[in-house]
Amino acid sequence: MKRLLALLATCATVLGLTAAVAPQAAAATGCKVDYTVTSQWTGGFQAGVKVTNLGAPLTGWTLGFSLPDAGQKIAQGWNATWSQSGSAVTAAGVDWNRTLATNASADLGFTGTFTGANPKPTAFTLNGVACTGSLEEEPPPGDGGDDGDGDDNGTPVDVNGQLHVCGVNLCNQYDRPIQLRGMSTHGLQWFSQCYDTASLDALANDWKADLLRAAMYVQEDGYETDPAGFTSKVNGLVDMAEARGMYALIDFHTLTPGDPNHNLARAKTFFASVAARNAAKKNVIYEIANEPNGVSWAGIKSYAEQVIPVIRAADPDAVVIVGTRGWSSLGVSDGSNESEVVNSPVNATNIMYAFHFYAASHKDNYRATLSQAASRLPLFVSEFGTVSATGGGAMDRASTTAWLDLLDQRKISYANWTYSDAPESSAAFKPGTCGGGDYSSSGVLTESGALLKSRISTPDSFPTS
Ligand code: IDC
């Protein structure tokens, strides 16, 4: 062992690799690894590792993986700075491959020794994010509750598996109603620095969130300015959520203009792509229009009936959320109510309707509509705020508590605006938090963040039979 590590060190020195720059954390990731044993002999082998970056361009990277058998040791590696500690192996990019554009690959390799079996490595990560495209093998036998993160550790996705709508509820793989509680990103065009390994770890482990909503604005310097780039950012977040056993809500964040038909062609292009790419995953939910406004229910329904088939063609079993009139208020903000949807539902199955509120602006009459609608329509609170509808102003603790108690009682899923450090009271973190690596100490939370964290982190009670 010592000799081998010395050999490694020597090799690295000879290649001039010991001073390799530490990899930078990347905001959006996603990766695929092809691993091949190119030759094998008694006690030794040579392997090729091709890593493909499916996420945003990287300017530094570290590939991690685990060698399952205690007798497997790396002897000499190339095209990366290699090291091994117990079963954990890392390979950091070097001068000539440190920059990896989206869809670009680096080819690495090593020779190794083994004593017993020589199983393929597992749990490939790139900058800490699971390479879910790796090793196209069947998942290990388990309880059927595998979230695709390579283990089965009781995460929300492990427990609940592929979701579906049953009656007016969101149901898990046991056909039992569940409630998902989580957070929404801010606009990915402005706050992608808030969605790194540390912040996603905090969301999964400290907040114990079930859900991350990826708010991909279409206008305001969003998707329309760089479709490939934003699609890749969203896919990176899907992977980061999956690696931590959380559901990912892909939000096509239309806002201004309010008629989603303005973005119909973009929506078809975007959803065809993300649905095809994520079809095999169990953790993805699609939200096709954030907040329709200034448009009739008939207009929204027509849009939904054109976009949903595009998703279904690629990903037939995913739940789809449809926005509602008046900024997803079920029409209340336009002086209407849920009856327009009840009387003319979207012609599709396995769908839910969005209901959004901002607690300081929307109170009893909105709660009354939600209560009444909840027994008639499957509802999902894909966005809400503890503050006023501007995203700012004072937090309304009493109204927020009344809302969350109601949602808990009805098992209505929710995502709070926002998991970001935006300089506005709806943000969960104080300005300057993002990118700093500390999303966990109490000092980083705003008043709203502290309230939401306390609500979201209580134990889930997901039925398992
Ligand atoms: C707000 C953001 C703010 C941004 C504004 C315009 O908090 O920083 O300048 O959007 O893009 C919504 C929308 C959501 C709004 C939020 C608060 O879905 O995009 O975010 N809100 O105004 N509906 C009701 C409130």
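Count residues from 1 along the sequence. Counting starts at 1 for both ligands and their atoms, in listed order.
A cation-pi contact links R367 to W403, judged by a cut-off of 6.0 Å to the six-membered ring centre and 45° from its axis.
The residue among S426, A215, A389 with a heavy atom at the shortest distance from atom 17 (C) of ligand 1 is A389. Evaluated by nearest non-hydrogen atom to atom 19 (O) of ligand 1, the leading choice among H362, E424, H253, E291 is H253.
Nearest protein heavy-atom neighbour of atom 5 (C) of ligand 1: Y217 OH, 3.9 Å. When hydrogens are left out, the protein atom nearest atom 12 (C) of ligand 1 is E383 OE2, 3.0 Å; that is the closest non-hydrogen contact. E220 OE1, 3.4 Å is the protein heavy atom nearest to atom 6 (C) of ligand 1.
Ring centroids of F384 and H356 are separated by 6.0 Å or more, keeping the two rings apart. For Y366 and F357, the ring centers are positioned 6.0 Å apart or more. Taking the ring centroids of H253 and W190, they lie at or beyond the 6.0 Å cut-off.
Ring geometry for F191 versus H186: interplanar angle of 30 to 60°, hence tilted. Aromatic ring orientation, Y419 versus Y439: parallel (interplanar angle below 30°, classes split at 30° and 60°). F124 and F65 have tilted rings, their planes meeting at an angle from 30° to 60° on a 0 to 90° scale.
Partner of N278 under the side chain to side chain donor-acceptor pair (under 3.5 Å) criterion, chosen from T132, N283, N235: N235.
Shown here, atom 22 (O) of ligand 1 is in close reach of the protein: a heavy atom of it lies under 4.0 Å off.
Within the structure, the closest approach of W417 to ligand 1 falls below 4.0 Å when heavy atoms are considered.
In the vicinity of T390, heavy-atom distances shorter than 4.0 Å reach the ligand 1 atoms 17 (C), 22 (O).
Contacts between N290 and ligand 1, counted as non-hydrogen atom pairs separated by less than 4.0 Å, involve the side chain only. With a 4.0 Å cut-off on non-hydrogen atoms, Y358 touches ligand 1 through its side chain and not its backbone. Only the side chain of L255 comes within 4.0 Å of ligand 1, counting heavy atoms alone; its backbone N, CA, C and O stay farther away. With a 4.0 Å heavy-atom cut-off, ligand 1 is reached by the side chain of W190 but not by its N, CA, C or O. Of all the heavy atoms of H356, none lies under 4.0 Å from any atom of ligand 1, so neither backbone nor side chain is involved.
A salt bridge does not link D226 to K233: none of the charged nitrogens lies less than 4.0 Å from a carboxylate oxygen.
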